[in-house]
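Throughout, residue positions are numbered sequentially from 1 according to the sequence presented. Only this structure's heavy atoms are used, side chains among them; waters, hydrogens and symmetry mates stay out.
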Amino acid sequence: MAGLSFTNARAGGVGYSAGGPAVSMVFDFDRLFLRADDIERKQLPFATARALTWTAQAAQKDMRAAMGKVFDRPIAYTLRGVTIEPARKDRLSATVLLSGYSPGRLPVGAYLYPQVFGGKRGQKSFERALSRAGLLPSGWVTVPAAGAKINAAGNITAGQIVQMLSDLKLQFDATANRSKRSVVRNKNYKRQRFFVPAPGSHLKPGVWIRDGKGSIRPMLLFVQEQTYAPRLDYYAIVRESAERNFPELWTKSFGQAMASAKR
């Protein structure tokens, strides 16, 4: 629809969380304004703001659907990271962005950055903890191994990560880090011990588990970080959705505004 324009933003954009991508859409109704009567002119800003917001919501839905096709079982936290900034009568611009944040978790815009722009994924929070302790080399990340407990989304369970970090802290700080309550809750937790093989060991670099019977298996393996090619064409998905939906939504919004206008 003539008059609809877009602005792309990425890392460092003011107001956008952790460098995630964002697409802002604006509709210039100047030509319509010149042809409109007084009542129509009064309704144009409100009708346009509402249509832009509806369009952003439609693009949000389309983006989440695209993620379901591109990624393997994206978790709810990832899908919720597709958010919008609605338009207002005094700010005729709506934005669809990747933000999403909860305390202690990496923002969605940050961990999906390489999926949109390409590049390296960066370390997860527990990997940074391993690096700070000198266990995980710089430029390396982890991949799950046979001993990892995987949840429905294909990620290592938070509980096992907490257990691992607790045991590795025991190694370095020589202080008890497992609570008595947590040991009582999980007898396997009491028996298991996590360790990182010393350099030169015949075991592959990673985090290993030793159970109460003395057998060992790897939980995580250390691998060099890979460079990702872009997979999610964020900008194109949002623009295509907006261009497809905005004309009908603007007509609907303007029609409703005029129907309720006082004459």
Side-chain angles (χ1 to χ4, degrees), residues 18 67-81 100-116 118-172 177-178 182-183 185-232:
M67 286 180 168
K69 295 177 181 178
V70 172
F71 305 133
D72 180 22
R73 295 169 297 172
I75 60 174
Y77 178 69
T78 298
L79 299 176
R80 288 197 304 267
Y101 175 75
S102 64
R105 302 185 72 170
L106 194 64
V108 175
Y111 71 72
L112 286 187
Y113 187 96
Q115 305 295 337
V116 177
K120 298 182 177 181
R121 72 162 170 83
Q123 289 185 328
K124 300 177 181 179
S125 57
F126 74 86
E127 292 171 336
R128 292 194 297 272
L130 292 171
S131 289
R132 286 194 299 269
L135 298 174
L136 181 64
S138 175
W140 289 55
V141 294
T142 65
V143 294
K149 294 180 180 178
I150 305 298
N151 60 25
N155 300 311
I156 299 175
T157 63
Q160 191 177 33
I161 290 174
V162 169
Q163 294 173 14
M164 173 195 71
L165 293 177
S166 176
D167 265 9
L168 294 179
K169 186 176 181 181
L170 277 172
Q171 279 189 336
F172 282 85
N177 201 36
R178 295 171 182 242
S182 66
V183 170
R185 276 201 311 264
N186 188 342
K187 294 181 179 179
N188 289 331
Y189 186 178
K190 184 176 181 180
R191 293 194 299 267
Q192 291 178 344
R193 286 295 180 267
F194 297 78
F195 68 96
V196 175
S201 169
H202 69 282
L203 299 176
K204 292 182 178 179
V207 177
W208 290 67
I209 305 173
R210 178 182 290 109
D211 64 23
K213 298 178 180 179
S215 63
I216 62 173
R217 62 191 187 283
M219 171 196 168
L220 296 170
L221 294 178
F222 297 165
V223 297
Q224 288 186 305
E225 192 172 12
Q226 302 296 311
T227 299
Y228 291 86
R231 297 175 61 198
L232 183 68

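- Using a distance-only test at 3.5 Å, with no hydrogens or angles considered, a donor-acceptor pair links the side chain of Gln160 to the main chain of Lys149.
- Atoms CG and NZ, from Asp72 and Lys69 in turn, are 15.5 Å apart once rounded to the nearest 0.5 Å.
- Taking each heavy atom of Leu136 and Val141 in turn, the nearest pair found is CD1-O, 4.0 Å.
- Judged by distance alone, with hydrogens and angles left aside, the side-chain atoms of Gln123 form a donor-acceptor pair with the main-chain N or O of Trp140 at under 3.5 Å.
- Taking 4.5 Å as the limit, every side-chain heavy atom of Ile216 sits out of range of all side-chain heavy atoms of Ile209.
- The minimum heavy-atom distance linking Pro114 with Gly119 is given by the pair CB-O, 3.6 Å.
- Listed for the Thr142 side chain is no donor-acceptor partner under 3.5 Å among the backbone atoms of Leu221.
- Closest approach of Phe126 and Leu165 over heavy atoms only: CB-CD1, 4.2 Å.
- Considering every non-hydrogen atom in both Gly68 and Pro74, the closest pair reads CA-CG, 4.0 Å.
- Looking at Leu220 and Val143, their side chains never come closer than 4.5 Å, going by heavy atoms from C-beta outward.
- Judged as a side chain to side chain contact (heavy atoms under 4.5 Å, CB included), and not counting sequence neighbours, the contacts of Pro205 are Phe222.
- Residues Thr157 and Ile150 fail the side-chain proximity criterion, which asks for heavy atoms closer than 4.5 Å.
- Ile156 approaches Asn151 most closely through the heavy-atom pair O-ND2, 4.3 Å.
- When side chains are defined from C-beta on, Trp208 does not count as touching Val196, because their heavy atoms never get closer than 4.5 Å.
- For the pair Arg231 and Val116, the minimum side-chain heavy-atom distance is 4.5 Å or more.
- The minimum heavy-atom distance linking Arg217 with Gly147 is given by the pair NE-CA, 3.7 Å.
- Remark: side-chain polar atoms of Glu127 are paired, donor with acceptor, to backbone N or O of Lys124 under 3.5 angstrom.
- When atom types are taken as modelled, the side chain of Arg210 and the backbone of Phe195 share no donor-acceptor pair closer than 3.5 angstrom.
- Here the OH-NZ distance, from Tyr228 to Lys120, works out to 11.0 Å after rounding to the nearest 0.5 Å.
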